[in-house]
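One structure is given below, encoded as structure tokens.
All figures in this text were calculated on a predicted structure; none of them were measured in a lab. Labels below follow one simple rule: chain letters A, B, ... track the order of the sequence lines, proteins then strands, and each chain is numbered from 1.
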Amino acid sequence: MEKVRTRFAPSPTGFMHIGNLRTCLYAYLYAKKNGGTFVLRIEDTDQERYVEGAVDVIYSTLKKAGIEHDEGPDKDGGYGPYIQSERKSLYLDYAKELVEKGGAYYCFCSKERLDTLKDDKGIAKYDKHCLSLSKEEVQKRLDAGESYVIRQNVPADGVSEYEDMVFGHISVPNEDMEDNILIKSDGMPTYNFANVVDDHLMGINYVIRGVEYLSSTPKYNLMYDAFGWERPHYMHLSPIMKDAQRKLSKRYGDANFEDFIEKGYLPKAIVNYIALLGWSPKGNEEKLTMEQLVEQFDVDGISKSPSIFDEAKMRWLNGEYIKAMSVDEFVEAAKPFLDNSKVKDKYDYRALAKLLIPRVEILGEIPEKVNFLEEFGEYDTAMFEHKKMKITKEIALNSLLAIEEDLKDFEEWTDELLKQKGMALAEKLGCKSGQIFLPFRLALTGAQTTPGGATEMAELLGKSESMRRLRFSIELLQK
RNA sequence: GGCUCCAUGGUCAAGCGGUUAAGACUCAGGCCUCUCACGCCUGCUACUCGGGUUCGAAUCCCGAUGGAGUCACCA
């Protein structure tokens, strides 16, 4: 059996769109699943859109995503060059070969003549006008230096068919396909042509790409046939949508891999989520490592209809990844976000991490979860009233005074020991532990909700700051 | 508009002629609990419609409707 070769062929635009990344991921998974080779080819023929450093963005995104290419501009596998602009010179000869073989022909039609072909909607189909030119006539005009173009010669009738790996049988009437331009008047290939030539030359036998090519694929096949090349297998993928009508696109902003990283998503979670968008594993487990994805990936599970991107679910999945992190891993990932909050350099990040891990779904939530620590000041004492707990301001004040007295000389300021201390105090006073802890937490933070309990807050704040805040709150209550 | 393709809850989706139509996210309620989370439990919500085929259709066929893609000297 032939070895599977797939490719990802992005344009270096400076960012990696989520939809492209998914296509890339599937091409990678399919290759790896079948022990094949995954090739990276840079399609930079569109010089106008060329962005400096954009190729590096592609490398770094793939790296972060855990997708490793076997061949590419930086990893020669003998099928190079892997950058399209370095392949410019070979397309014209292939086009000429195709003309010889009858799969294409020279066209000298002017822009004006082409315009007359347009219907009232501005849609034109070339009428094969130049196909009837004799070989001599063509040569004469070529010699005269006339501007020309090379067009594909699509049969006028009949149907073209192929089997798509996900969509099944596709058949398109030949009369609906135009004789597209293969070589432009400047001698450069169009994308369609370059793609076919490159894929063939690079031995790509499994072409995995977006559905936008589903109906033009028969044209590509016609070229393969005319050249006498073996047709590749095709796997077309439905788009990722922003909502039922709109495709997820860079125009709407936030659809780039980098944007999600900035918002505090973990690369692994993003990859995991997009793997699930448009494909579903056999089992019920959704949190999957790259290894598991490779192992479980299967064309069978790819869906044909477009799928809507659901950030809420990706967020949840990201939360699952965060919960599975060790304190060290979390601190490392969260450092930029902690440094970007009011808490920077003031608290022990590891202690903070323990509280944050179960409470944060994306790292971007960190500042808002943690800033309250530095926002302590005058607050509304009505918070101390708690019906269910049977707490009034008086009870709260008594508790706080007792706590202050009890902790005055206590030095082992850790969550665990403070908790024991609190329990003991409650027993001594003959009250519910909540009547101790709740007022204590409020007194320390002045915040209705906090990420953690009184003793955890106390540990974080340290003894002197805790005692200071306790005193402050007591006085506030005594007013 | 022509052509190609698609159609299960709000979202991702399982399903492949006989099922109480999975599971996950979201949402609601509950338990746990010093608040918030986490965790656990429960619940809500779906086969687009209409015709066939069949003893039997979410599953097969046809049509309608809706949606996507495509019709460049762009990629």
Open item on the list: Is there a side-chain contact between A/S215 and the phosphate of B/C5, meaning an N or O under 4.0 Å from OP1 or OP2?
Closed with: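 For A/S215, the contact criterion (side-chain N or O under 4.0 Å from OP1 or OP2 of B/C5) is not met.
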Task: A/S280 vs B/A14: side-chain N/O to OP1/OP2 distance below 4.0 Å - done: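 Checking A/S280 against B/A14: at least one side-chain N or O falls below 4.0 Å of OP1 or OP2.
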Have a look at [X] and say if it touches a base, only the backbone sugar-phosphate, or nothing, with a 4.0 Å heavy-atom cut-off.
X: A/P439; value: nothing
X: A/G278; value: sugar-phosphate
X: A/G434; value: sugar-phosphate
X: A/V211; value: sugar-phosphate

[options]: which one has an atom nearest the side-chain heavy atoms of [X]?
X: A/P173; options: B/C34, B/U4, B/A72; result: B/U4
X: A/W316; options: B/A72, B/A13, B/C25; result: B/C25
X: A/E286; options: B/A72, B/G23, B/C73; result: B/G23

TODO: Check A/K128, A/K125, A/K219 against A/D179 for a salt bridge (charged side-chain N to carboxylate O under 4.0 Å, His left out) and give me the one that passes.
DONE: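 Testing each of A/K128, A/K125, A/K219 against A/D179, the sole residue satisfying salt bridge (charged side-chain N to carboxylate O under 4.0 Å, His left out) is A/K128.
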Task: Result of checking A/R315, A/R359, A/K263 against A/E365 for salt bridge (charged side-chain N to carboxylate O under 4.0 Å, His left out) - done: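 Filter result, single survivor: A/R315.
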- [ ] Return yes if some donor-acceptor pair links the side-chain N/O of A/E178 with the main-chain N/O of A/Y126 below 3.5 Å, else return no.
- [x]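 Present.
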